[in-house]
Novice: 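Got a structure for you, written out below as structure tokens; questions coming shortly.
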Amino acid sequence: MQTLCFQGLTKAYGGVQALSDVTLSLSSGRVHALMGENGAGKSTLIKLIAGVVAADRMTVLRDGVGVPLRNAAEATRAGFRFIHQELNIVPQLSVAENVLLGHPAPRRFGAFIDWRSLEDRAASALSFLGADHIDVRQQAGSLATGDRMLTRIASALVADAGSPEPCLYVFDEPTAALTASESTKLFDVIARLKERGAGVLYVSHRMNEVLQICDDVTVLRDGRHVLTTEIAKTNREKIIAAMTGKQLSDAIPGRTTAVGKGVACRIRALATRDLTGLDLSLAEGEILGVAGLDEAGQTAFLRLILGQGRVQQGVLEVLGGPAPKSPEQAWAQGIAYVPRERRSQGLMLGMGVRPNALFPHLGDYGLLARKGAEVARTQTLAHQVRLRFQGTEQPVGQLSGGNQQKVLFARAIAKNPKLLLLEEPTRGVDVGARAEIHGLIRTLSNSGTAVILASSDLVELLGLSDRIIILQGRRQVAVLDRQAMTPADLLSRIYAAEVA
């Protein structure tokens, strides 16, 4: 393949135009970024070229010759491979079985699965990724989040006998679940795919990644093509303007009020089954960042405050009293939580915006549902978080990723929380939604809400936090004042803690 052109991509859902006459041209040995706000049409475009959704109109040309693309099987035969944002693995199967899902299993005597060969092929694909630490025999459900993504990527790298060499790899937010070191390994793999002559379509909201590894960029807005250019001929500001239709700074809003004098959370010499050595105080209105390598204890720390852990030693006081013993108690006491995985941990995808936004607060509406009051409250919350939706009963599974995240924030702010727990709050959202979420966090902080923010985005941590706690091996190793720190400074402290 020298060029691969998708012409006139058009798709409407129930009269709503998702894509309108979009053309995308890709070249061998180049990484092409696809960018746009949530709802711009990126996911629809990927579904069309993957053959999982029928286009209203589309022409596919490879080196000027037509390519049939009516279903997923034809996309695979054409040499297209897809690594999606959602971590779709089968947890009950082994890593090797997950890597080889969708590929013909090697056989012995034409009948029996050759398990050794299957495991060797899986191990080879993972080795290409630099993921030799993953045991292909272990159950995939036991993997850390980053290793699950590496397993899905490895599956796309498996070559089947008699099948054409893949000519296009589509990566949809691949680093959203990866640590910095895992992301670096992925970028090395993409560089090797380029050297092989494959084309790469890279979908990401992370501007630094796009500017670092991509050769070209296409921007969609409201289902239409607005920009295609070489990365060397553009910059961050021009891309953001193309995405949003306006000049929009990605700077994080600063603090406008002083941190309060009251104590929202007090921790002394604390140890649990999952954590040790925690010792700090969180003031009213303060934002405490939580940093560390993947699985360093960030989730366990937040869930402890939420009432999902048991103190074995030390003191934990929350909002002037004993720590909650359950999430239900936590929400009732004024503690709100936005989890890391919105689709699997936070939302009921088949249900509407209204029940999702009000779920922890339904008791406020009495034993009998008062739909009118619930709808009115949902509409008010939707306005506060600038939610783009068709109505309060629209299933949240139909919303873009950024708007799904806003539903979780609507739930979190519904009762003016005194303590807000956030884990990767802007993961997989576009620059516009990211700015709105950062503004919402800052507004809550300025009004006196204490915030504990766990994020792998170092710019986000430094931009929002007043102090940052570093965890290593589920142990507190440092509490830092973020003033005058750069992302490089923070990263070096994280890795210094890992080595210490």
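The first residue in the sequence is number 1, and the count goes up from there.
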Novice: What pair of heavy atoms forms the shortest contact from L444 to I413, and how long is it?
Specialist: CD1-CG2, 3.7 Å
Novice: Testing the basics here: between S204 and M35, what is the closest heavy-atom pair and its distance to 0.1 Å?
Specialist: O-CE, 3.5 Å
Novice: Would you check if the side chain of Q298 reaches a backbone N or O of A296 as a donor-acceptor pair within less than 3.5 Å?
Specialist: yes
Novice: Output side-chain donor-acceptor pairs under 3.5 Å for residues 455-467, partner residues at least two apart or in another chain, one line each.
Specialist:
| residue | atom | partner | partner atom | Å |
| --- | --- | --- | --- | --- |
| S455 | OG | D457 | N | 3.0 |
| S455 | OG | E460 | OE1 | 2.7 |
| S456 | OG | E424 | OE1 | 3.3 |
| S456 | OG | E424 | OE2 | 3.1 |
| D457 | OD1 | V459 | N | 3.1 |
| D457 | OD1 | E460 | N | 3.0 |
| D457 | OD2 | R434 | NH1 | 2.8 |
| D457 | OD2 | R434 | NH2 | 3.0 |
| E460 | OE2 | T426 | OG1 | 2.5 |
| E460 | OE2 | H438 | NE2 | 2.7 |
| S465 | OG | G289 | N | 3.4 |
| S465 | OG | L461 | O | 2.7 |
| D466 | OD1 | R255 | NE | 3.0 |
| D466 | OD1 | R255 | NH2 | 3.4 |
| D466 | OD2 | R255 | NH2 | 2.7 |
| D466 | OD2 | I287 | N | 2.8 |
| R467 | NE | E286 | OE2 | 2.6 |
| R467 | NH2 | S281 | O | 2.4 |
| R467 | NH2 | E286 | OE1 | 3.3 |
| R467 | NH2 | E286 | OE2 | 3.1 |

Novice: Centre of F128's six-membered ring, under 6.0 Å away, within 45 degrees of the axis: is that where NZ or CZ of R192 sits?
Specialist: yes
Novice: Assess, by modelled atom type and distance only, whether the side chains of T228 and T218 contain a donor and an acceptor separated by less than 3.5 Å.
Specialist: yes
Novice: Heavy-atom count check: over 12 atoms from other residues, nucleotides or ligands less than 6.0 Å from R386 CZ?
Specialist: no
Novice: Would you please say whether a donor-acceptor pair under 3.5 Å links the side chains of S127 and D132?
Specialist: yes
Novice: Does S25 have any side-chain hydrogen bond (donor to acceptor under 3.5 Å, both in side chains) partners at least two apart in sequence or in another chain, and if so, which?
Specialist: none
Novice: Minimum heavy-atom separation for A131 and L150, please, with both atom names.
Specialist: CB-CD1, 4.1 Å
Novice: With side chain to side chain donor-acceptor pair (under 3.5 Å) as the criterion, how do N208 and R236 come out once you've worked through the C-alpha distance, each side chain's angles and the decisive distance to 0.1 Å?
Specialist: CA-CA 9 Å; N208 290 339; R236 178 190 304 266; 2.5 Å; yes
Novice: Would E423 and T299 satisfy side chain to side chain donor-acceptor pair (under 3.5 Å), going step by step from the backbone distance to the final call?
Specialist: CA-CA 7 Å; E423 188 168 12; T299 299; 2.3 Å; yes
Novice: Which distance, rounded to the nearest 0.5 Å, do you find between the CE of M207 and the CD of E237?
Specialist: 8.5 Å
Novice: Is there a side-chain contact between P425 and L453 in this structure, where contact means two heavy atoms from C-beta onward sitting under 4.5 Å apart?
Specialist: yes
Novice: Got a sec, which residues hit side-chain hydrogen bond (donor to acceptor under 3.5 Å, both in side chains) with H133, two or more places apart in sequence or on another chain?
Specialist: D147
Novice: Using a 3.5 Å distance criterion without hydrogens, assess whether the side chain of E97 forms a donor-acceptor pair with backbone atoms of L93.
Specialist: no
Novice: Is there side-chain contact between L45 and L34, with heavy atoms separated by less than 4.5 Å?
Specialist: yes
Novice: Between P174 and V203, which heavy-atom pair has the shortest distance, and what is it?
Specialist: CD-O, 3.9 Å
Novice: List the steps and the verdict of side chain to side chain contact (heavy atoms under 4.5 Å, CB included) for R121 and V158.
Specialist: CA-CA 7 Å; R121 291 179 66 190; V158 173; 3.3 Å; yes
Novice: Looking at residues at least two apart in the chain, or sitting in another chain, which of them share a side-chain hydrogen bond (donor to acceptor under 3.5 Å, both in side chains) with E119?
Specialist: R137
Novice: Report yes if some heavy atom in the side chain of S20 is under 4.5 Å from a heavy atom in the side chain of T10; otherwise report no.
Specialist: no
Novice: Please report the interatomic distance CG(L420) to CZ(F409), rounded to the nearest 0.5 Å.
Specialist: 6.5 Å
Novice: On a heavy-atom basis, which atom in D215 and which in R30 lie closest, and how many Å separate them?
Specialist: OD2-CA, 3.3 Å
Novice: Would T76 and R81 satisfy side chain to side chain contact (heavy atoms under 4.5 Å, CB included), going step by step from the backbone distance to the final call?
Specialist: CA-CA 7 Å; T76 300; R81 300 291 183 267; 3.7 Å; yes
Novice: If you apply the rule side chain to side chain donor-acceptor pair (under 3.5 Å), what do you find for N446 with T256, and how did you get there?
Specialist: CA-CA 7 Å; N446 286 335; T256 59; 2.9 Å; yes
Novice: In terms of heavy-atom contacts, does CG of D222 have more than 12 from other residues, nucleotides or ligands at under 6.0 Å?
Specialist: no
Novice: Can you confirm if the NZ or CZ of K185 lies within 45° of the ring axis of F187 and under 6.0 Å from the centre of its six-membered ring?
Specialist: no
Novice: Kindly indicate, with the supporting measurements, whether the criterion side chain to side chain contact (heavy atoms under 4.5 Å, CB included) is fulfilled by F301 and L306.
Specialist: CA-CA 9 Å; F301 181 33; L306 190 67; over 6 Å; no
Novice: Quick one: which of E341, Q405, E173 gives a side-chain hydrogen bond (donor to acceptor under 3.5 Å, both in side chains) with R427?
Specialist: E341
Novice: Any heavy-atom pair between the side chains of L168 and L4 that's under 4.5 Å?
Specialist: yes
Novice: Can you list everything that forms a ring-ring contact (aromatic ring centres under 6.0 Å, His included) with F80? Sequence neighbours excluded, please.
Specialist: F6
Novice: Does a side-chain N-to-carboxylate-O contact under 4.0 Å join K42 and D172?
Specialist: no
Novice: Is there a side-chain contact between F171 and L193, using heavy atoms and a 4.5 Å cut-off?
Specialist: yes
Novice: Look up atom OG1 in T443 and atom CD in Q384, then write down how far apart they are to the nearest 0.5 Å.
Specialist: 10.5 Å
Novice: At what distance, to the nearest 0.5 angstrom, does SG of C214 lie from CD of E230?
Specialist: 13.0 Å
Novice: Side chains of V31 and K194, heavy atoms from C-beta outward: is any pair under 4.5 Å?
Specialist: yes
Novice: Over all heavy atoms of both residues, which pair between V385 and K406 is shortest? Give the atoms and the distance, please.
Specialist: O-CD, 3.2 Å
Novice: Does the side chain of L100 reach to within under 4.5 Å of the side chain of H103, using non-hydrogen atoms?
Specialist: yes
Novice: Going by atom types alone, do S400 and N403 pair a side-chain donor with an acceptor below 3.5 Å?
Specialist: yes
Novice: After noting the C-alpha distance and the side-chain angles of L347 and L408, does the key distance pass the side chain to side chain contact (heavy atoms under 4.5 Å, CB included) rule?
Specialist: CA-CA 8 Å; L347 296 170; L408 289 179; 3.6 Å; yes
Novice: Is there a side-chain contact between L288 and I468 (heavy atoms, below 4.5 Å)?
Specialist: no
Novice: Using a distance-only test with no angle check, is there a side-chain donor-acceptor pair under 3.5 angstrom linking E209 and Y202?
Specialist: yes
Novice: Could you tell me whether the side chain of D216 and the main chain of H32 form a donor-acceptor pair under 3.5 Å?
Specialist: no
Novice: N356: what forms a side-chain hydrogen bond (donor to acceptor under 3.5 Å, both in side chains) with it, not counting sequence neighbours?
Specialist: none
Novice: Taking atom types as modelled and ignoring hydrogens, do the side chains of D489 and T486 form a donor-acceptor contact shorter than 3.5 angstrom?
Specialist: yes
Novice: Just how far is it from atom CE of M485 to atom CZ of R493, taken to the nearest 0.5 Å?
Specialist: 6.5 Å
